[in-house]
Amino acid sequence: MDSRFLFSWSVTRSRRRFLVGLPCIALSVAGILLWTNRETSEQINGRYEAALTKAIHQHHDADLEVAVHRLQHSHVDTFAIRFRRAQNLISAGKNADAIPILKALTPPDGQGHVPARIWLVKQSERADALVPLVEEERQQQLRKAVQEHRQNPEAHLLLGKSYLRQRQFRLAEFHFATAAKLDPKHAADLLALQQALGRSRPQLTLQSAAAMQKLKDRLSDDQGDRQVRISIARIMAILGDTKQAESILKAGLAIEESTDVKHALSVLYAGMAIDLLRQPLHQRQAADLGLQAVLLDPANTSAIQLLFQTVQPTGTITAITLGPATDHWRRQLEQDSTSVPARMILMQLLTVCGLFDEAIEVLKPVASANLDSQASLARLFVLARRMDEARVVTDGLLHQLRSGTSDNERVVVSVARVLLIENRLQEVVDLLETQITSANRVPGSELASIYVRSINALFDQKAAADDSFVGSNESLKLLQRVYRISPGAESIAPRLAKIAVGQGVAAPEANALVLKILAQGTLNAIVYSAVGAEAILQDDLEQAVANLQQAQALSPNDPVALNNLAVALVRQSKDNADRALDLVQQALTIAPGHHELLATRGEIYISLNRLTEARDDLLTVLNRIPQHKLSLHLLAGITD
């Protein structure tokens, strides 16, 4: 438009009319701006939510009340916004206002909101659940969630876990498989279930191949995806490749410190330690892995339990080393001083460090909560050499047992455990024998286990006190009790071998029991190994070699059998030294650096006249264990 025209138009108009119309023009412009820039209901609700979050963080109670009021009276009513509103109300401590909203979003019948259903189920599993649910109610919510959104992998996974808790394995596997198909990150959960159901390693490898490739592709695209990395590591561990699983998790930590990855590595180490404990020579290595697991994740209670079981309470692990873990559990107690589990865990950590008096003070406030806590307290008194106090606790437990609770197996086990700790072995055996015979039933696994432990300890005690005990009818009768209660108890093998290989009056009957156990076919490798080891001690090298060859054939990767066979062969004839060296080298690949294996290799090197290498091995053993008898004897022979 020409500027001269505008000028001419403006000067011919009445200024008064223009001023009169100005408010209308302003109102029109405001209307146009409001129309073009108006907020949606969701945006308005979002501003209220932001204000509420800010008020919570800044502790502005007045602003908090206003924000909650506005949200409660908002006309926005979509499922997602109502769910966010409920969560904000919970954050604001307005649980009573949040619960009706949650119930409206999660009706047992009718349409609901899937994220709300999942949230409701997950929170119900906590001890402080806002809305507690029983298992059937959880399943009901999750079945509705799956119906409303069949492509939701988390709903399928949670439903599968619920079915698994009820031992409905087929339904559990179906939903785990669906979750893994929708998102390969859940393939590890499916494999873990299938492994527990007895699927073979090749079947598991085939089952996981497609998911594994998808996960590897994702990780290649994004090295920082922690959940994908953890999923790959879990699958590798299930398939037996723990070293590669460890490597991939460590690579993730090198990229970025992550609590999730540390937890996954902690779980991996704890699992590796449990596997190692099946071999006697791996006790120390298992304890080292347990320690690493605890340091990576102080909240990993399974790793702490493992450490407590594998490390002798002699202070070999210092309080400084376990400081992060003990500090973590002290903070837990500061938050809830009545927590029995937190006190038990802290007590275990302090016990491992040899801080028995501190452990006693941690446990005392809740020791009366249950008999297990009382048994633990008695054990701590014994370790702290406060024997009078230990006996008071023990006698109190015995009184509870005699006052009418003798039919309670848990009580019997707790009392027996305390007596065993105090080395009152005959009392333990008598107590449990009475319980087993009077009940006229098969004892539970825990009672049977402690009964076997007590008899074995009594056998060892009597054998140490009297050389003539081993081989007597009394010694065999003790082991026959073990066999009667627990035919599969591995601990019977070394003790039975002492009687069977010896020259005592009970030897023929002991050999008959050996044959009976071998006929079962479940403990053959262990029995052959035990008989062979005892035959070495009795200088019956022909019998030793024959039995140890059987053990090695049945269990080719057992380092104990390999070591003992090497010893028997080299002592039988120097001509066997090369074969013996191959066996002990194989054992050292399984249990690297173990002192008993190094001592055996040193003995073999002497037979081969490789004295420098023999001296190196024997000195290595003596640097670790200065009083190692065999190494001292062999080294003295070299020196002479």
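Residue numbers count from 1 along this sequence. Since this is a predicted model, take the numbers as computed values, not measurements.
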### CD/Glu490: more than 12 non-hydrogen atoms of other groups inside 6.0 Å
no

### Query
Given the rule in the side chain to side chain donor-acceptor pair (under 3.5 Å) test, do Ser258 and Asp260 qualify, once you have shown the distances and angles that lead to the verdict?
CA-CA 5 Å; Ser258 163; Asp260 290 343; 4.9 Å; no

### Task
Taking all non-hydrogen atoms of both residues into account, name the closest pair between Ala378 and Thr394 and its distance.
CB-OG1, 4.2 Å

### Query
To the nearest 0.5 Å, how far apart are CG in Leu306 and CD in Gln348?
11.0 Å

### Minimum heavy-atom distance Ala293-Tyr269, with the two atoms named
CB-CB, 4.0 Å

### Task
Apply side chain to side chain contact (heavy atoms under 4.5 Å, CB included) to Leu296 and His263, showing your working.
CA-CA 7 Å; Leu296 279 164; His263 172 72; over 6 Å; no

### Task
Decide yes or no on salt bridge (Lys or Arg N to Asp or Glu O under 4.0 Å) for Glu433 and Arg484, but give the supporting numbers first.
CA-CA 12 Å; Glu433 187 77 21; Arg484 175 168 53 87; 3.3 Å; yes

### Query
So, Thr326 side chain and Leu322 main chain: donor-acceptor pair closer than 3.5 Å or not?
yes

#### Entry: Minimum-distance pair of heavy atoms, taken over all atoms of Arg624 and His594
NH1-C, 4.2 Å

### Summary
Heavy-atom nearest pair, Ser475 first then Gly471, reads OG-N, 3.3 Å

### Message
With rounding to the nearest 0.5 angstrom, report the CD1 to CD1 distance, Ile304 to Ile345.
### Response
5.0 Å

### Query
Which of these passes side-chain contact (heavy atoms from CB on, under 4.5 Å) with Arg610: Asp617, Asp616, Ile604, Leu581?
Leu581

### Query
Quick one: are Gln207 and Arg199 in side-chain contact, heavy atoms under 4.5 Å?
no

### Query
Closest approach of Gln586 and Pro556, non-hydrogen atoms and distance?
NE2-O, 3.2 Å

### Query
How far apart are the C-alpha atoms of Glu509 and Gln480, what are their side-chain angles, what is the distance that settles it, and do they pass the side chain to side chain donor-acceptor pair (under 3.5 Å) test?
CA-CA 10 Å; Glu509 195 174 351; Gln480 286 172 332; 3.1 Å; yes

### Query
In terms of side-chain geometry, is the basic nitrogen of Lys477 or Glu474 positioned less than 4.0 Å from the acidic oxygen of its partner?
no

### Task
Could you walk me through whether Gln552 and Asp558 pass the side chain to side chain donor-acceptor pair (under 3.5 Å) test, one step at a time?
CA-CA 7 Å; Gln552 197 256 335; Asp558 179 0; over 6 Å; no

### Query
Side chain of Asn563, backbone of Pro559: donor and acceptor closer than 3.5 Å?
no

### Message
Apply side chain to side chain contact (heavy atoms under 4.5 Å, CB included) to residues Leu569 and Leu548 and explain how you reach the verdict.
### Response
CA-CA 10 Å; Leu569 285 169; Leu548 289 166; over 6 Å; no

### Query
Would you say the side-chain atoms of Glu603 pair up with the backbone N or O of Ala599, donor to acceptor, closer than 3.5 Å?
no

#### Entry: Side-chain touch Leu479/Phe459, heavy atoms, less than 4.5 angstrom
yes

### Message
Less than 4.5 Å apart, side chain to side chain, heavy atoms only: is that true for Arg481 and Val452?
### Response
no

#### Entry: Ser231 side-chain N/O to Gln227 backbone N/O, donor-acceptor pair under 3.5 Å
yes

### Task
Output yes when Arg330 and Glu358 qualify as a salt bridge under the 4.0 Å nitrogen-oxygen rule, no when they do not.
yes

### Message
Run Arg201 and Gln195 through side chain to side chain donor-acceptor pair (under 3.5 Å) and show every step you take.
### Response
CA-CA 8 Å; Arg201 183 69 58 77; Gln195 183 184 51; over 6 Å; no

### Task
Before accepting this row, confirm whether a basic side-chain N of the pair Asp539/Arg571 lies closer than 4.0 Å to the acidic partner's carboxylate O.
no

### Message
Would the distance check show the side chain of Asp466 and the main-chain N or O of Lys462 forming a donor-acceptor pair, the cut-off being under 3.5 Å?
### Response
no

### Message
As an exercise, state the distance from CG of Asn300 to NE2 of His328, rounded to the nearest 0.5 Å.
### Response
10.0 Å

### Query
Hey, does the side chain of Ser486 reach the backbone of Tyr483 with a donor-acceptor pair shorter than 3.5 angstrom?
no

## Note on the structure
Value for CG (Leu249) from CD1 (Ile230), rounded to nearest 0.5 Å, stands at 7.0 Å

### Message
Looking at Met347, is its backbone amide N or carbonyl O close enough to the side chain of Trp329 to form a donor-acceptor pair, meaning the two atoms are under 3.5 Å apart?
### Response
no

### Query
Do the side chains of Arg229 and Gln223 get nearer than 4.5 Å, heavy atoms only?
yes

### Summary
CD1 of Ile317 to SG of Cys353, rounded to nearest 0.5 Å, is 7.0 Å

### Query
When you measure from the side chain of Ser266 to the backbone N and O of Lys262, does any donor-acceptor pair fall under 3.5 Å?
no

### Task
Check whether any side-chain N or O of Asn511 sits under 3.5 Å from a backbone N or O of Ala507 as a donor-acceptor pair, and report yes or no.
yes

### Task
Start with the C-alpha distance between Phe356 and Phe381, add both sets of side-chain angles, then the distance that settles ring pair (Phe, Tyr, Trp, His ring centres under 6.0 Å), and finish with yes or no.
CA-CA 8 Å; Phe356 307 129; Phe381 280 134; over 10 Å; no

### Query
Within a strict 4.5 Å, meaning less than it, do heavy atoms of the Leu476 and Leu496 side chains meet?
yes

### Task
Over all heavy atoms of both residues, which pair between Ile238 and Ala192 is shortest? Give the atoms and the distance, please.
CD1-N, 3.7 Å

### Task
Would you please test Arg453 and Val428 for side chain to side chain contact (heavy atoms under 4.5 Å, CB included) and show each step?
CA-CA 10 Å; Arg453 280 178 56 201; Val428 182; over 6 Å; no

#### Entry: Test log, rule side chain to side chain contact (heavy atoms under 4.5 Å, CB included), inputs Thr321 and Leu291
CA-CA 9 Å; Thr321 301; Leu291 177 58; 4.2 Å; yes

#### Entry: Backbone of Ala525 reached by a side-chain donor or acceptor of Ser529 within 3.5 Å
no

#### Entry: Nearest-0.5 Å distance that lies between atom NE2 in His595 and atom CG in Leu618
13.0 Å

### Charged N-O contact under 4.0 Å between Arg226 and Glu256
yes

